[in-house]
Number of protein chains: 2
Amino acid sequence: MLSDNIAVLFPGSGMLLVKQDPGNVTFPKNNHDHGRCIAVALDKAAAVCMDRGVRLTELRRRVLEIIWQNHKPLGAYSILEQLRQDGRAAAPPTVYRALEFLLEQGLVHRIASMNAFVGCSRPGHISDGQFLICRSCGSSTELNDGKLEKVITRNSGSLGFTVEHLTIEVSGLCPHCRRARGEPAQYSNCPVSGEDSSGTEPT
Amino acid sequence: MLSDNIAVLFPGSGMLLVKQDPGNVTFPKNNHDHGRCIAVALDKAAAVCMDRGVRLTELRRRVLEIIWQNHKPLGAYSILEQLRQDGRAAAPPTVYRALEFLLEQGLVHRIASMNAFVGCSRPGHISDGQFLICRSCGSSTELNDGKLEKVITRNSGSLGFTVEHLTIEVSGLCPHCRRARGEPAQYSNCPVSGEDSSGTEPT
DNA sequence: ACCAGAAATGCTATCGGATAACATTGCGGT
DNA sequence: ACCGCAATGTTATCCGATAGCATTTCTGGT
Ligand SMILES: [Zn+2]
Ligand SMILES: [Zn+2]
Ligand SMILES: [Zn+2]
Ligand SMILES: [Zn+2]
């Protein structure tokens, strides 16, 4: 079953991946050691690039670091702003070229529904991934449900369609924000969510 | 099984929905009677709006008609252009307000990965839908796989995440474009598709 | 028929996202 | 030192989207 697969990859219970990917196994916790998320991400990125013989330049590394400042997808122009605060000369192409590189290397993902970018939780892996994005705090979690991909690919194939890329983005309320309110825990389509800020926002 | 469900909703074989939704049951055929797609869509839209006591004004109707000129997601500024060709005064807000209305009424969908809009194949239904979009000819087909939605909702729920909206967009090659080339029929992730135009392009 | 009030549209301006085109810099290999 | 290429800087421009306010059009009540 599909839920088993998810349970293996992203356990609320299991701990197989906890050491490898501390902050992102479940939805990011409010007070996790995010410094470690950043450090791990940058280390893995360096390893991946080394391995592939591509250059993780200072600019690219810095953009990746900015993206990893939290688990919230970040717009290109926000990245730009922060680069400028570093004192660095920067224009849109600067950011987009760095992003292009990071996307190619599988170090970040683009969230189409937000025109924003977020760090990849499995750097270097080749997968589009699936994303849970909280409409309240903006945090996101990446899933990599291979069975889900296969099911969609298989069903598309039965219509004669050859799948190349999957965009799967789920918006809703994360556990923390859900708790901070009194909202129901069910799939309610199109509630036209009004409010936006919550008490405790995960990093 | 999931494939059964799809088979019911979008048969390559069945014909339950064929009369209701001639051009969109499978991937849109090259020479289907698209005039009928348009007529049906506009009729249904009128019925839906009548039923809900909302006004399908001339502008809104025209925008819907423009969107339904084919099965390819259309950008807001392309719509704008065509409105102007009608001789009508129009600026971006004109288009976006019409689109907002059509989205609210479930008459069109927004394709996040393309920043574009496409007619809904089941007008009035409340569902985000799933979309197969051909990277070669641009045509798209809407699926409404309730089981897929349920699986994702269920798995998200097991992580404590409350689903509100699903964005599921599949890009790849439609049957016609696939045939017009010699490409494999398998899920190849991230082939960085280069080319773009094909011989026979579905409407 | 008339007249609010509301809904829809027109209009101007502005913002954010993304890319094209070309110049310059920096780095590795010879 | 030199060359060639990859990376970055720079300018300009395009597309997507929305804010805010003026005007028109519709609707319901008198
Ligand atoms: Zn973290
Ligand atoms: Zn949240
Ligand atoms: Zn059609
Ligand atoms: Zn095609």
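Below, chains carry the letters A, B, ... as their sequence lines are ordered, and counting in each starts from 1. Just so it is clear, the model here is predicted, and its values are computed rather than measured.
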Discussion item. With a strict under 4.0 Å distance from non-hydrogen atoms of chain A, what nucleotide opens and what nucleotide closes the contacted stretch of DNA chain C, reading 5' to 3'?
Written reply: dG17(C) to dC27(C)

Discussion item. Which residues pass the side-chain hydrogen bond (donor to acceptor under 3.5 Å, both in side chains) test with Arg179(B), not counting sequence neighbours?
Written reply: none

Worksheet item: How many angstroms lie between atom CG of Leu99(B) and atom CG of Leu107(B), to the nearest 0.5 angstrom?
Response: 11.0 Å

Residues in side-chain contact (heavy atoms from CB on, under 4.5 Å) contact with [X], at least two apart in sequence or another chain:
{"X": "Arg61(A)", "value": "Leu42(A), Leu56(A), Glu58(A)"}
{"X": "Ser113(B)", "value": "Ala112(A), Thr167(A), Ile111(B), Ile133(B), Glu169(B)"}
{"X": "Ala116(B)", "value": "Pro73(B), Met114(B)"}

Worksheet item: Closest nucleotide of DNA chain C for Arg88(B) versus for Ala76(A): which of these residues is on the 5' side?
Response: Arg88(B)

Discussion item. Holding to salt bridge (Lys or Arg N to Asp or Glu O under 4.0 Å), I want the full list of residues that pass it with Asp86(B), two or more places apart in sequence or in another chain.
Written reply: Arg62(B)

Using the 3.5 Å cut-off, write out each protein N or O paired with an N or O of nucleotides 10-15 of chain D and the distance between them.
none

Whole-Å distance between [N] [atom2] and [X] [atom1]?
{"X": "Glu100(B)", "N": "dG16(D)", "atom1": "CD", "atom2": "P", "value": "18 Å"}
{"X": "Glu104(A)", "N": "dA6(D)", "atom1": "CD", "atom2": "P", "value": "13 Å"}
{"X": "Leu80(B)", "N": "dA17(D)", "atom1": "CG", "atom2": "C1'", "value": "12 Å"}
{"X": "Leu56(A)", "N": "dA7(D)", "atom1": "CG", "atom2": "P", "value": "11 Å"}

Worksheet entry | Min side-chain heavy-atom separation Val118(B)-Arg110(B) under 4.5 Å | no

Discussion item. Do Glu149(A) and Gln130(A) have side chains that approach each other closer than 4.5 Å (heavy atoms only, starting at C-beta)?
Written reply: yes

Worksheet entry | Interface residues of residues 108-117 of chain B with DNA chain D (non-hydrogen, below 4.0 angstrom) | Arg110(B), Asn115(B), Phe117(B)

Response to the item:
residues 88-97 of chain B vs side chain to side chain donor-acceptor pair (under 3.5 Å), sequence neighbours excluded, gives none

Discussion item. Could you walk me through whether His32(A) and Cys37(A) satisfy the side-chain contact (heavy atoms from CB on, under 4.5 Å) test, starting with their C-alpha distance in whole Å, then the side-chain angles of each, then the deciding distance to 0.1 Å, before giving a yes or no?
Written reply: CA-CA 9 Å; His32(A) 72 278; Cys37(A) 293; 3.5 Å; yes

Worksheet item: How would you list all residue pairs meeting ring-ring contact (aromatic ring centres under 6.0 Å, His included) that involve residues 122-156 of chain B, not counting sequence neighbours?
Response: His109(B)-Phe131(B)

